[in-house]
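Worksheet for the structure shown next.
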Amino acid sequence: MQSTDEQFAAIRDEFGPDSLARVEEMMAPGGLPRHPLQAGAKWILPGISQKPWHDPRSDPGIASLVEALEGAHGAISAEHERAWRTKRAVFSDYEHYLTRQDDWQSLYLYRDGELVAESAEIAPTAFDIVKNAVGHGLICPLLESHFSTLLPGARIAPHCDLWNFSINLHFAVDIPDDCDITVAGETRVWEEGRCLLFDYSFEHHAENRGNRPRTCLLADLWHPETTVPERQALTVLVTEVRKLLAQT
């Protein structure tokens, strides 16, 4: 098996000697200047716009995913509602890094770099759309796509996610009143059947103060300002770091 250095060298050979300059800068000791509300993120890839909220249709690839999801809202909502009502065992407590929340339930469509085949029968419409997004290289293989259901009274505490080179898409499936999400101090509400897109390296939190569950379909996408060689190198880097951490 090739080492990280050998894999990086192969990427440079294919894409050019400067193709990984930003990744190397990110990895340099001492860290880089960042927005104060990104202080909790582990890695900040330089040159990525320091912009918490994004237009879901500003990038053509992401826009195609947004249009597919929004166009299939009725079917996606019905399939999730049926699964929630009749197959509750397929949902699990969401684990956010080392924290598990039993009032935050998930049904995974993509995880650990692979589609979750069991979900194809449970939520076929969403599964097919996510499968297509994976095929087009939109979804970051280091992360996931899942139905995210916050139970009444649930609150996701303020936090920064690990890095800025992926970006979080929220498709609002079933939204009661009194639910919102705040990113970098700006609060927005989900509009049922529509998407929100934000950079979760900025501090963010969410809450369901309503009287029924709030469900969004989440997808971790590559930030559109990253390049193909950077995505390859970042996948190699994070995978290796996770292996080392698992051994400790």
Side-chain angles (χ1 to χ4, degrees), residues 4 22-23 26-27 38 40-45 48 51-54 56 59 61-62 64-66 68-69 91-101 104-119 123 126-127 129-150 156-157 159-171 173 181 183 195-206 215-246:
T4 299
R22 295 199 302 181
V23 176
M26 181 192 77
M27 296 166 59
Q38 290 176 307
K42 181 173 180 60
W43 287 308
I44 296 296
L45 188 69
I48 298 292
K51 184 169 66 173
W53 288 102
H54 290 250
D59 174 78
I62 295 176
S64 66
L65 172 58
V66 167
L69 289 168
F91 293 82
S92 60
D93 297 350
Y94 185 68
E95 293 187 55
H96 190 265
Y97 306 120
L98 300 178
T99 303
R100 179 187 289 267
Q101 280 192 233
W104 183 0
Q105 295 290 297
S106 292
L107 172 61
Y108 288 91
L109 304 173
Y110 180 86
R111 194 179 194 186
D112 297 329
E114 297 180 345
L115 290 159
V116 180
E118 295 82 359
S119 297
F127 182 89
I129 291 172
V130 169
K131 181 179 179 180
N132 184 63
V134 171
H136 283 86
L138 293 174
I139 294 185
C140 178
L142 299 165
L143 295 167
E144 58 208 23
S145 177
H146 63 101
F147 285 100
S148 168
T149 298
L150 286 183
I156 302 170
H159 65 283
C160 296
D161 281 72
L162 288 174
W163 54 65
N164 70 334
F165 46 79
S166 64
I167 195 166
N168 202 214
L169 183 72
H170 280 208
F171 172 55
V173 177
I181 181 169
V183 181
C195 290
L196 292 175
L197 183 65
F198 64 96
D199 180 341
Y200 46 11
S201 66
F202 287 88
E203 185 178 88
H204 57 285
H205 59 92
T215 296
C216 292
L217 174 58
L218 274 54
D220 293 301
L221 311 177
W222 283 113
H223 196 294
E225 295 175 13
T226 57
T227 66
V228 170
E230 287 171 343
R231 294 176 185 186
Q232 292 182 7
L234 291 164
T235 300
V236 168
L237 172 65
V238 176
T239 300
E240 184 59 28
V241 168
R242 286 175 173 170
K243 288 179 182 177
L244 293 173
L245 290 174

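For reference, positions follow the sequence shown, starting with 1.
- Considering only heavy atoms from C-beta on, W222 comes within 4.5 Å of T235 through its side chain.
- Scanning all heavy atoms of the two residues, the minimum distance from C195 to L69 falls at SG-CD1, 4.3 Å.
- Between H223 atom NE2 and S166 atom OG the span is 9.0 Å, to the nearest 0.5 Å.
- The closest donor-acceptor contact from the side chain of S145 to the backbone of L218 lies under 3.5 Å.
- Rounding to the nearest 0.5 angstrom, the gap separating the CG atom in L138 from the CD1 atom in I167 is 12.0 Å.
- Between A126 and F147, the closest heavy-atom pair is CB-CZ, 3.8 Å.
- In this structure, D59 and L221 have side chains that are not in contact, with every pair of non-hydrogen atoms separated by 4.5 Å or more.
- No donor-acceptor contact under 3.5 angstrom links the side chains of S92 and S106, judged on distance only.
- Proximity of a side-chain donor or acceptor of T239 to a complementary backbone N or O of V236 within less than 3.5 Å is not detected.
- A donor-acceptor pair is defined here as one N or O able to donate and one able to accept, closer than 3.5 Å; no such pair exists between the side chain of S148 and the backbone of C216.
- Put simply, the residue from N168, I44, L45 that forms a side chain to side chain contact (heavy atoms under 4.5 Å, CB included) with S201 is I44.
- Considering every non-hydrogen atom in both C160 and A41, the closest pair reads CB-N, 3.7 Å.
- Between I139 atom CD1 and L115 atom CG the span is 7.5 Å, to the nearest 0.5 Å.
- In terms of heavy-atom proximity, L107 sits nearest to S119 at CD1-OG, 4.1 Å.
- Atom OG1 of T149 sits about 12.5 Å away from atom OH of Y94, to the nearest 0.5 Å.
- Using a 4.5 Å heavy-atom cutoff, the side chains of M26 and L237 are in contact.
- Of the N and O atoms on the side chains of Y200 and D220, at least one donor lies less than 3.5 Å from an acceptor on the other residue.
- Side chains of Q101 and D93: no donor on one and acceptor on the other come within 3.5 Å.
- Scanning both residues, L150 and A206, for their nearest heavy atoms gives CD1-CB, 4.4 Å.
- Within the 4.5 Å cutoff, the side chain of H54 has heavy atoms near those of the D199 side chain.
- The two residues V130 and Y110 come nearest to each other via the heavy atoms CG1-CB, 4.2 Å.
- In the displayed structure, H205 atom NE2 is contacted under 6.0 Å by more than 12 heavy atoms of other residues, nucleotides or ligands.
- Here the NE2 atom belonging to H204 is positioned 9.5 Å from the CH2 atom belonging to W53, to the nearest 0.5 angstrom.
- Counting heavy atoms from C-beta outward, V238 and W43 have side chains that approach closer than 4.5 Å.
- Crowding of K131 atom NZ: a count of heavy atoms from other residues, nucleotides or ligands under 6.0 Å not exceeding 12.
- Under the 30°/60° scheme for interplanar angles, the aromatic rings of W163 and F165 are found to lie parallel.
- In this structure, R111 contributes its side chain and H146 its backbone to no donor-acceptor pair below 3.5 Å.
- Under the 30°/60° scheme for interplanar angles, the aromatic rings of F198 and H170 are found to stand perpendicular.
- Note that CD of Q38 and CD1 of I48 are 10.0 Å apart. Values are rounded to the nearest 0.5 Å.
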